[in-house]
Amino acid sequence: MTVRTRFAPSPTGYLHIGGVRTALFCWLFARQHGGQFILRIDDTDQQRNVAEALEPILRGLRWLGIDWDEGPEVGGPYAPYYQSQRTARYRAAVERLLACGAAYRDYATAAEIQAEREAAERDKRLFVYSRRFMAETPEQQARFEAEGRQPTIRLKMPRQGKLVLDDIVRGQVEFDWVNEQDHVIQRADGSFLYALANVVDDEDFGITHVIRAEEHLSNTPRQVFIIQALGYRQPQYAHLPFVAEPGSKNKLSKRKLKTYLKNRDFAELVAHGEKILRALGCPQPGESFNPVMVEFYERIGFLPEAIINYLALLGWSLDDRTEHFTRHELVEKFSLQRVNKAPASFDPKKLMAFQQRHMQLLPPERKVELVLPFLQGAGLISHASAAVREQVAQVVRAAGDRITIAGDILEFADFFLPDDELPYDQAAFDKNLRADHAAELLRQFRDRLAAVQQFEPPALEALLRDFVQERGIKTGQIIHPLRVAVTGKAIGMGLFDTLAILGRQRCLSRIDRALALL
RNA sequence: GGCCCCGUCGUCUAGCCAGGUUAGGACACGGCCCUUUCAAGGCCGUAGCACGGGUUCAAAUCCCGUCGGGGUCACCA
């Protein structure tokens, strides 16, 4: 039997990081077994523009390399993959459910059901619908309809016995049928509800493994009931623990960004992202610029493989020490049996650590490619000619681990600015250039720079060391003013690399400008 | 509240099923080293079995209970 898994997002306009984790596990499982991963769109409840709300989700999945074998844009043998286009299938299923007595027309109003529920609550007894408005014969139907009532279709759930579910992640889970309600599967207006649509689609698509978040565990019994009534093959279930908020066990939610911002690590990540966005000239990040959404990471230059690696370890582990996985290794090593039962909190710091590790492992040429769009986006370079590429490569090489995410290249914008437009960090300028003897030393060293033969890091370093020794000063007395003069900042990569990358002319002109500003 | 699920360092986790580990790793944190700043790197360290009872020579591991957290109870998905 070929393994077939599916991910079923609603077109909400954004891709939630918890959703990605679910999609990833489905995808890994399918790929590992040489099966198919299917994307199905749960748009039964959507009034708005589905295509537009779906686009960010498809884009996010593609960016992460979670590709689907069947679904939107790629089609497949069981098309359509949009629930809104599959209503004929649902209607047929409801007809069969009605015919075999597993469902019935119910003419109760929402208020009448609610009243029963409240009465039960008041008496502290379990609410079980009286089925007072259940119509199983044409005569009963006619009578209720004569009263002007509209029917919904409800499941006629068993009221005794229990369901034992074998969940790959959670083991055996038992439910008493009596606790289940006669759930509505078709509304009075004829539209269908999730439980029904979901089960019919899974059958139609030949889904063998339903891998989904934990919040679906408690509505599995009603689905199993439909499956059994219709004689469908029951898929294997694997209910994943949800992804929790940083430092809490609550489910991660896109709406609570403000609360998360109180978490130091989370706030730091956001601040890091906003800094990059500002450097790109977009001061208005928009509401999807939020670490709960994958779009956030794409915009500031995270590596998809780092996110995949981190997310894979959120609820799954191979052993007691392996943490670094390539996509290929994950496909090979992943297993649902080793998925954890307890929810895992999203930890921005640890995500960053994975990003850093994956970035360190990247060949410099690839880093250059990653970084170019950011330089272009910030208007620092116009086109990627060979010469520009070479300069960028030099900066990337010298920056080393200081570029943790691609957008960090903008920390080194000063290399790409015209000399007379270099901004100075005022505090750094005052502290270092207005220090005792700083200007005088800088002026003297400027002349050495003008005269030195080789403008390369080793020669420059030798030049500076000699200068320091000759003058009997501390290294910092010249190095700090020099750094501020040529980069505008007190922090940055190695100074000799900086000088060499800028080249003699630009160094001299920047020093002159700084001296003139004193 | 009913039902269901979950509880190992601050966080992610290994160990639990088949009892015996100085309870291991990673992130974070702290210290030291390196150092021209900032990073990176190296070394060292702080820190945990929710609690209470059993069973047993021996319990993180098995059993019972308590407490705590979460999910779900829609004509949402």
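So you know, we letter chains A, B, ... as the sequences are listed, proteins then strands, and number each from 1.
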Q | P spacing across the pair B/G30 / B/A77, given as an integer number of angstrom | A | 48 Å

Q: Sticking with atom P, work out how far B/A47 lies from B/G25, rounded to a whole angstrom.
A: 14 Å

Q. Across all strands, who's sitting opposite B/U35 as a Watson-Crick or G-U wobble pair, both distances under 3.5 Å?
A. none

Q: Could you give the distance separating B/U55 and B/A28 at their C1' atoms, to the nearest angstrom?
A: 40 Å

(Q) Less than 3.5 Å apart, any donor N or O on the side chain of A/N309 or A/E305 sitting next to an acceptor on the other? (A) no

Q. Nearest nucleotide by nearest heavy atom, which residue falls closer to the 5' end of RNA chain B, A/G247 or A/A110?
A. A/G247

Q | Integer angstrom distance from the C1' of B/C17 to that of B/A60 | A | 14 Å

Q: Could you tell me whether A/A108 contacts a base, only the sugar-phosphate backbone, or nothing, with contacts defined as non-hydrogen atoms closer than 4.0 Å?
A: base

Q) Any donor-acceptor pair under 3.5 Å linking the side chain of A/E411 with the backbone of A/D408? A) no

(Q) Taking A/T12's backbone N and O only, do any of them form a donor-acceptor pair with A/S10's side chain (distance below 3.5 Å, no angle check)? (A) no

Q.
Apply side-chain contact (heavy atoms from CB on, under 4.5 Å) to residues A/Y297 and A/L351 and explain how you reach the verdict.
A. CA-CA 11 Å; A/Y297 304 96; A/L351 206 208; 3.4 Å; yes

Q: Write down the distance separating the P atoms in B/C4 and B/C9, rounded off to the nearest Å.
A: 26 Å

Q: Can you tell me the distance, in whole Å, between the CD atom of A/Q186 and the P atom of B/A77?
A: 13 Å

Q: Return yes if some donor-acceptor pair links the side-chain N/O of A/D182 with the main-chain N/O of A/M157 below 3.5 Å, else return no.
A: yes

Q | Pairing partner of B/G2 (Watson-Crick or G-U wobble, both distances under 3.5 Å) | A | B/U72

(Q) For B/G10, give the paired nucleotide (Watson-Crick: N1-N3 plus N6-O4 or O6-N4; G-U: N1-O2 and O6-N3; both under 3.5 Å), or none. (A) B/C27

Q. How many Å lie between NZ on A/K341 and P on B/C12, as a whole number?
A. 17 Å

Q: Determine, for nucleotides 28-46 of chain B in 5'-to-3' order, which nucleotides have protein heavy atoms under 4.0 Å from the base (write B), from only the sugar-phosphate (write S), or from neither (write -).
A: S-------BBBBSS-----

Q) Quick one: A/L269 CG to B/U11 P, roughly how many Å, whole number? A) 19 Å

Q. What is the distance, rounded to the nearest whole Å, between atom CZ of A/F346 and atom P of B/C27?
A. 17 Å

**Q.** B/U55 pairs with, by Watson-Crick or G-U criteria that keep both distances under 3.5 Å
**A.** none

Q.
What's A/E174 touching, base or sugar-phosphate or nothing? Going by heavy atoms closer than 4.0 Å.
A. sugar-phosphate

**Q.** Nucleic acid footprint by protein, nucleotides 67-73 of chain B - heavy-atom cut-off 4.0 Å, B for base, S for sugar-phosphate alone
**A.** --SSSSS

Q: Take atom C1' in B/A50 and the same atom in B/C67, then report the distance between them in whole Å.
A: 8 Å

**Q.** Rounded interatomic separation in angstrom, taking CD from A/E121 and C1' from B/C3
**A.** 14 Å

Q: Examine B/A77: is either OP1 or OP2 under 4.0 Å from a nitrogen or oxygen in the side chain of A/T12? Give yes or no.
A: no

Q.
Tell me every residue that passes ring pair (Phe, Tyr, Trp, His ring centres under 6.0 Å) with A/W68, counting only those two or more places apart in sequence or in another chain.
A. none

Q: Would you mind reading off the distance between A/D167 atom CG and B/C6 atom C1', rounded to a whole angstrom?
A: 13 Å

Q: Can you tell me the pairing partner of B/A50 across any strand shown, Watson-Crick or G-U wobble, with both distances under 3.5 angstrom?
A: B/U66

Q.
Looking only at the side chain of A/V173 (C-beta and beyond, no hydrogens), which of the listed nucleotides B/C5, B/A14, B/C6 gets closest?
A. B/C5

(Q) In this structure, how many angstroms lie between the C1' atom of B/C4 and the NZ atom of A/K162, rounded? (A) 13 Å

(Q) What I want to check is whether the side chains of A/R154 and A/H183 have a donor and an acceptor closer together than 3.5 Å. (A) no

**Q.** Protein-nucleotide distance (A/L155, atom CG; B/C75, atom C1'), rounded to Å
**A.** 13 Å

Q | Pair A/H358 + A/Y310: ring centers closer than 6.0 Å | A | no

Can I get a per-line list of side-chain donor-acceptor pairs under 3.5 Å for residues 455-462 of chain A, giving both atom names and the distance, sequence neighbours left out?
from   : atom 1 : to     : atom 2 : distance (Å)
A/E461 : OE2    : A/R465 : NE     : 3.2
A/E461 : OE2    : A/R465 : NH2    : 2.7

Q: Write down the distance separating the C1' atoms in B/C16 and B/U8, rounded off to the nearest Å.
A: 11 Å

**Q.** Upstream residue (5' side of RNA chain B) when A/R321 and A/R170 are each assigned their closest nucleotide
**A.** A/R170

Q) So, A/D166 and A/Y237: side-chain donor and acceptor under 3.5 Å apart, yes or no? A) no

Q.
Distance check, P atoms only: B/C64 and B/G7, in whole angstrom units.
A. 15 Å

Q | Any side-chain donor near an acceptor of the partner, A/D106 and A/Y129, under 3.5 Å | A | yes

Q. With sugar-phosphate meaning primed atoms plus P, OP1 and OP2, does A/N340 contact a base, only sugar-phosphate, or nothing at under 4.0 Å between heavy atoms?
A. sugar-phosphate

Q) So, for A/F205 and A/Y81, is the gap between ring centers shorter than 6.0 Å? A) yes

(Q) Using a 4.0 Å heavy-atom cut-off to protein, can you give one letter per nucleotide of nucleotides 15-22 of chain B, 5' to 3': B if the base is in contact, S if only the sugar-phosphate is, - if neither? (A) S-------

Q) Do you see a donor-acceptor pair shorter than 3.5 Å between the side chains of A/D414 and A/T487? A) no

Could you pull out all donor-acceptor pairs under 3.5 Å where a side-chain atom in residues 395-406 of chain A meets a protein atom, sequence neighbours excluded?
from   : atom 1 : to     : atom 2 : distance (Å)
A/D401 : OD2    : A/Q360 : NE2    : 3.4
A/R402 : NE     : A/A399 : O      : 3.1

